[in-house]
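Report on the structure given below.
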Amino acid sequence: MKVTDHIKEAKGKTLFTFELIPPKKGNSIQELYDNIDPLMEFNPPFIDVTTSREEYIYIEKGGLLDRKITRMRPGTVGICAAIKHKYNVDTVPHVLCGGFTKEETEYLLVDCHYLGIENVMALRGDAMSHQKYFEPTKGGNEFASDLVIQIKNLNKGKYLHEVIESTSKSDFCIGVAGYPEKHIEAPSLDFDLKKLKQKVDLGADYVVTQMFFDNKKYFKFVEEARKVGINVPIIPGIKPIAVKRHLQLLPQVFKIDLPEDLISEVEKCKDNKEVRQLGVEWCTEQSKELLKAGVPVLHYYSMGKSDNIKAVASKVF
Ligand SMILES: Cc1cc2nc3c(=O)[nH]c(=O)nc-3n(C[C@H](O)[C@H](O)[C@H](O)COP(=O)(O)OP(=O)(O)OC[C@H]3O[C@@H](n4cnc5c(N)ncnc54)[C@H](O)[C@@H]3O)c2cc1C
């Protein structure tokens, strides 16, 4: 079932969902199941699985370092199929521009269609770790909007090269990313909103936001988005802060600000156990306020262990 249909069917009740990162190559999928199991009691109608682009690794060979390119966390579509099968929930694989040719993307989308996966998140992805700026992959999509076009074309039975009439068309529901604090590369929030509107006008069905720790930023973002005519559901993405180092890591990796109150509370914590508890309390308050405001879905970023998300969900749902 499509994400947008789940929202319609909920008739105004806020849904609980979360997203997972595939394990590093060589690790068991059981790790993921162990994190999903405790969250199933909150009835997530869909679960997102992220995609990581390729990266360089260095292997010592005869005193020299040999540079190889590899994907350390492969398997997004396979994991989506496994979760769908095991838990009977819908899954949303994240599909990236960076690191994939359009041909590879088509291959992946065809797999999703065969597997009965009806939703995809269309994302550009970031630069590779050694690059300063995002460089489009040769033969790949440049912006998420180009990826939305490719997916919409496939929904119409239009493949990259074939002229064959399609008899079994996909009908993907498409999610895209939105940034309450503006995407780092956008020259202004207005510019970024115009680009978000472009993704929606091209066929995106819903938006999931970058994480934020101050709900005012989300409410303002939704208000501005509605003003420019973005009328699809805007799902807030949130995360409980878990370790002291997040004070530096979250702004660095996700290009977001943290509220002063949260920073000073984290700084007062004696150890990471206290930070984890504080993170749960902060995220619970955020969740309760968002729920009261009638958001369609609360989407939790689970980057590892899910005990803190369970602690939040049990106080909110
Ligand atoms: C909910 C969510 C899930 C994510 N999941 C993943 C994941 O699984 N894997 C991963 O690697 N990353 C993921 N990301 C991170 C995301 O890939 C990065 O934030 C990336 O830098 C931007 O992706 P985008 O899809 O927003 O890009 P785009 O929408 O393409 O925008 C990128 C930048 O280009 C600008 N822009 C857009 N179109 C144009 C245009 N036509 N001309 C000029 N400028 C333009 C935008 O304003 C923006 O600054 C996720 C982010 C979010 C919010």
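Just follow the structure's listing: the first ligand is 1, and inside any ligand the first atom is 1.
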Legend entry - Taking atom 29 (O) of ligand 1 as the reference point, the nearest protein heavy atom with its distance: K199 NZ, 2.7 Å

Legend entry - Salt bridge present between K2 and D171 (N-O < 4.0 angstrom): yes

Inset, instruction - Give me the other members of the hydrophobic cluster that Y58 sits in, counting Ile, Leu, Val, Met, Phe, Trp and Tyr linked by side-chain heavy atoms under 4.5 Å, directly or via other members. - result: Y56, L65, I69, M128

Give the table of side-chain donor-acceptor pairs shorter than 3.5 Å for residues 257-267, with sequence neighbours excluded, one pair per line with atom names and distance.
residue : atom : partner : partner atom : Å
S264    : OG   : E260    : O            : 3.3
S264    : OG   : D261    : O            : 3.2
E265    : OE2  : K268    : NZ           : 3.0

Inset, instruction - Find all atoms of ligand 1 within a distance of less than 4.0 Å from any non-hydrogen atom belonging to A177, and give their numbers and elements. - result: 26 (O), 52 (C), 53 (C)

Inset, instruction - Mark yes or no for whether D205, through its side chain, and I174, through its backbone, hold a donor-acceptor pair below 3.5 Å. - result: yes

Inset, instruction - Check ligand 1 against T50 and write out every atom of the ligand that is under 4.0 Å from a heavy-atom position of the residue. - result: 8 (O)

Inset, instruction - Spell out, as yes or no, whether a donor-acceptor pair under 3.5 Å connects the side chain of T17 to the backbone of F46. - result: no

Legend entry - N or O pair under 3.5 Å between D192 and ligand 1: yes

Legend entry - Residue of the set K217, K220, K216, K255 for which salt bridge (Lys or Arg N to Asp or Glu O under 4.0 Å) holds with E181: K217

Inset, instruction - Establish, for the pair R226 and F219, whether the NZ or CZ atom is under 6.0 angstrom from the six-membered ring centre and no further than 45 degrees off its axis. - result: no

Legend entry - Per-atom contacts of ligand 1 with Q210, taking only distances under 4.0 Å to non-hydrogen atoms: 53 (C)

Inset, instruction - Would you tell me which option among Y179, F191, F143, F254 has the nearest heavy-atom contact to atom 24 (P) of ligand 1? - result: Y179

Legend entry - Non-hydrogen side-chain atoms of I117 and P93 separated by less than 4.5 Å: yes

Legend entry - Proximal ligand 1 atoms for M121, defined as those under 4.0 Å from one of its heavy atoms: 1 (C)

Inset, instruction - Could you establish whether G237 and ligand 1 come within less than 4.0 Å of each other, counting only heavy atoms on the residue side? - result: no

Legend entry - Top protein contact for atom 30 (O) of ligand 1, by heavy-atom distance: A144 N, 2.9 Å

Inset, instruction - Out of I235, D126, L96, V208, indicate the one that has the non-hydrogen atom closest to atom 20 (C) of ligand 1. - result: D126

Legend entry - Geometric class of the F16/F18 ring pair [parallel <30°, tilted 30-60°, perpendicular >60°]: tilted

Legend entry - atom 3 (C) of ligand 1 - nearest protein heavy atom and its distance: H94 CE1, 3.8 Å

Legend entry - Nearest-contact summary for atom 13 (C) of ligand 1 - protein heavy atom, Å: L123 CD1, 4.2 Å

Inset, instruction - Evaluate the ring planes of F172 and H113, with Trp represented by its six-membered ring, and classify them as parallel (under 30°), tilted (30 to 60°) or perpendicular (over 60°). - result: perpendicular

Inset, instruction - For atom 2 (C) of ligand 1, find the nearest protein heavy atom and state the residue, atom name and distance (0.1 Å precision). - result: Y301 OH, 3.8 Å

Legend entry - R53 charged N/C atom sitting above F100 aromatic ring, 6.0 Å / 45°: no

Inset, instruction - May I ask you to list the atoms of ligand 1 that are less than 4.0 angstrom from any heavy atom of E185? - result: 49 (O)

Inset, instruction - Ignoring hydrogens, just give me the one of R124, E19, H183, H299 whose non-hydrogen atom is nearest atom 48 (C) of ligand 1. - result: H183

Inset, instruction - Tell me which part of R53 gets within contact of ligand 1: side chain, backbone, both or neither, using heavy atoms under 4.0 Å. - result: neither

Legend entry - N119 side chain vs V3 backbone, donor-acceptor pair below 3.5 Å: yes

Inset, instruction - Below 4.0 angstrom from a heavy atom of A186, which ligand 1 atoms are there? Numbered from 1 as shown, please. - result: 47 (O), 49 (O)

Legend entry - Polar atom proximity, T209 to ligand 1 (N or O, under 3.5 Å): no

Inset, instruction - Using heavy-atom distances, let me know which of D48, T51, T76, V49 sits nearest atom 11 (O) of ligand 1. - result: T51

